Amino acid sequence: MTLFERTSEVQSFSGFLRRDYTVHPLTKKQRDYFKKFLSKKELLDPKLMSYQDQVQDMYIMERMLCKKMVSDILGVPFRCISIERGPCGEPRVMSSMLRTKEANIGISHTDKCLSIGFSEKYNFGIDCQKKYSFSAPNFVQSVFSERENQLICKNNFMSTDQAYTLFWTLKECFVKLLKTGFRWNPGSVEILDFDYNSHKLKIKYLGKSFQLMASYTYNDNIWFTNLLMAK
């Protein structure tokens with residue numbers, strides 16, 4: 001069995017690339033082998049210390065596939081790349097051989113699915129999420145505003161849960177784009193306008209409005225989503 005399959009490659013904007021994968025469990029022998037390609041800082045990551053093999057496996061495959069993407073695009077040797085954590089936990093590309101300090105990488109995973117984005121031109125957020133059942137009214141009210149509920153109810157081409165999950169991934173992408181994480185309730189990020197066909201949306205956060213462009217793919221009940229804002 002192969003260790004992963006690339007399920008899609010999306011270049012929705014010039015200067016941005018997203019690759020989506022299905023990854024498979026590693027044997028102990030494979031796990032130990034791939035650890036040889038991790039940097040000293042990568043080897044100290046808490047996920048690699050997890051007692052759960054699946055957590056270690058996903059962390060290792062994230063790093064291996066991120067490095068491959070950076071190497072493919074920038075031509076930097078695989079062993080000279082380290083994917084480390086920034087102040088808010090965001091992944092960062094580290095290498096003395098980078099031609100620019102503005103190499104942005106993004107990682108998200110759910111179940112056995114992994115999504116990786118890369119750009120030298122854009123700040124971006126990336127997220128993948130399995131369709132969730134938003135059946136608890138109190139939870140929906142705490143996460144989505146009345147305006148967002150109206151936008152979701154207007155759609156007539158996907159299920160309500162599918163639409164709620166898409167909006168959730170867009171919110172996740174936005175805070176990842178800002179590299180802040182959810183400092184408060186996710187409801188603090190409000191989608192004011194959204195056009196599914198044009199991929200344009202407007203988000204309000206801490207009293208400010210942001211115009212953004214999104215790209216999304218729905219496959220096997222999973223949304224693969226990215227959100228971009230030009231520098």
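Starting from 1, each residue takes its place in the sequence as its number. Note that the structure is predicted; figures quoted are calculated from it, not measured.
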Item to check | Minimum heavy-atom distance between Arg63 and Ile107, given as atom pair plus value | outcome: NH1-CD1, 3.9 Å
Next on the checklist: What verdict does the side-chain contact (heavy atoms from CB on, under 4.5 Å) test give for Ile191 and Phe167, after you've listed the backbone C-alpha separation in whole Å, the side-chain angles of each residue and the deciding distance to 0.1 Å?
Outcome noted: CA-CA 8 Å; Ile191 298 173; Phe167 270 50; 3.5 Å; yes
Next on the checklist: Is it true that Asp127 and Thr225 share a donor-acceptor pair across their side chains at a distance under 3.5 Å?
Outcome noted: no
Item to check | Separation of Leu228 CG from Tyr122 OH (nearest 0.5 Å) | outcome: 6.5 Å
Checklist entry - How many angstroms lie between atom CG of Leu114 and atom CZ of Arg6, to the nearest 0.5 angstrom? => result 11.5 Å
Item to check | Test item: Phe118 and Leu74 side chains (from C-beta on) under 4.5 Å apart, heavy atoms | outcome: yes
Item to check | Flag if over 12 foreign heavy atoms under 6.0 Å of NZ, Lys35 | outcome: yes
Next on the checklist: Looking at every heavy atom in both Leu170 and Ala214, which two are closest together, and how far apart are they?
Outcome noted: CD2-CB, 3.9 Å
Checklist entry - Would you call Thr165 and Phe134 a side-chain contact if the rule is heavy atoms closer than 4.5 Å? => result yes
Next on the checklist: Other residues, nucleotides and ligands only: do more than 12 of their heavy atoms fall within 6.0 Å of CG on Asp32?
Outcome noted: yes
Item to check | Residue pair Asp111 / Lys130: nearest heavy atoms and the distance that separates them | outcome: OD2-CD, 3.2 Å
Checklist entry - Rounded to the nearest 0.5 Å, how far apart are NZ of Lys67 and CG of Leu38? => result 5.0 Å
Item to check | Phe13/Phe124 under ring pair (Phe, Tyr, Trp, His ring centres under 6.0 Å): CA gap, chis, key distance, verdict | outcome: CA-CA 11 Å; Phe13 306 94; Phe124 67 91; over 10 Å; no
Item to check | Salt-bridge contact Arg19-Glu9 (side-chain N to carboxylate O under 4.0 Å) | outcome: yes
Checklist outcome for this item: When rounded to the nearest 0.5 Å, the distance separating CZ of Arg85 from CE of Met94 is 14.5 Å
Next on the checklist: Could you walk me through whether Phe144 and Tyr164 satisfy the ring pair (Phe, Tyr, Trp, His ring centres under 6.0 Å) test, starting with their C-alpha distance in whole Å, then the side-chain angles of each, then the deciding distance to 0.1 Å, before giving a yes or no?
Outcome noted: CA-CA 9 Å; Phe144 301 104; Tyr164 272 126; 4.9 Å; yes
Next on the checklist: Determine whether Tyr21 and His109 satisfy the following criterion, ring pair (Phe, Tyr, Trp, His ring centres under 6.0 Å), listing intermediate values before the conclusion.
Outcome noted: CA-CA 9 Å; Tyr21 301 90; His109 64 84; over 10 Å; no
Checklist entry - Would you call Tyr216 and Thr169 a side-chain contact if the rule is heavy atoms closer than 4.5 Å? => result no
Checklist entry - CE of Met213 to OG of Ser198: how many Å apart, nearest 0.5 Å? => result 6.5 Å
Next on the checklist: Among residues at least two apart in sequence or on other chains, which ones pass salt bridge (Lys or Arg N to Asp or Glu O under 4.0 Å) with Asp195?
Outcome noted: none
Checklist outcome for this item: Rounded to the nearest 0.5 angstrom, the CD1-NZ distance for Ile222 and Lys131 is 11.5 Å
Item to check | Residue pair Leu227 / Leu201, side-chain heavy-atom distance below 4.5 Å | outcome: yes
Checklist entry - Does the side-chain contact (heavy atoms from CB on, under 4.5 Å) test come out yes or no for Met64 and Leu3, once each step is laid out? => result CA-CA 11 Å; Met64 294 300 103; Leu3 300 180; over 6 Å; no
Next on the checklist: Show the nearest heavy-atom pair for residues Asn226 and Cys173, with the distance to one decimal.
Outcome noted: CA-SG, 3.9 Å
Next on the checklist: Taking CZ in Phe139 as the centre, count heavy atoms belonging to other residues, nucleotides or ligands within less than 6.0 Å. Is the count above 12?
Outcome noted: yes
Checklist entry - Can you find a pair of side-chain heavy atoms, one from Gln30 and one from His24, that are under 4.5 Å apart? => result no
Next on the checklist: Tell me whether Phe78 at atom CZ has more than 12 heavy atoms from other residues, nucleotides or ligands lying less than 6.0 Å away.
Outcome noted: yes
Checklist outcome for this item: Residues Met58 and Cys113: closest non-hydrogen pair is CE-O, 4.2 Å
Checklist entry - Does the pair Asp20 and Cys128 meet the rule for a side-chain contact (heavy atoms from CB on, under 4.5 Å), with working shown? => result CA-CA 9 Å; Asp20 304 324; Cys128 59; over 6 Å; no
Next on the checklist: Name the residue from Gln54, Met61, Glu5 that meets the side-chain contact (heavy atoms from CB on, under 4.5 Å) definition with Val23.
Outcome noted: Met61
Checklist entry - Does the pair Val143 and Trp168 meet the rule for a side-chain contact (heavy atoms from CB on, under 4.5 Å), with working shown? => result CA-CA 8 Å; Val143 174; Trp168 174 269; 3.6 Å; yes
Next on the checklist: On a heavy-atom basis, which atom in Glu84 and which in Ser39 lie closest, and how many Å separate them?
Outcome noted: OE2-OG, 4.3 Å
Checklist entry - For the residue pair Phe34 and Phe37, does the interplanar ring angle fall in the parallel (under 30°), tilted (30 to 60°) or perpendicular (over 60°) class? => result tilted
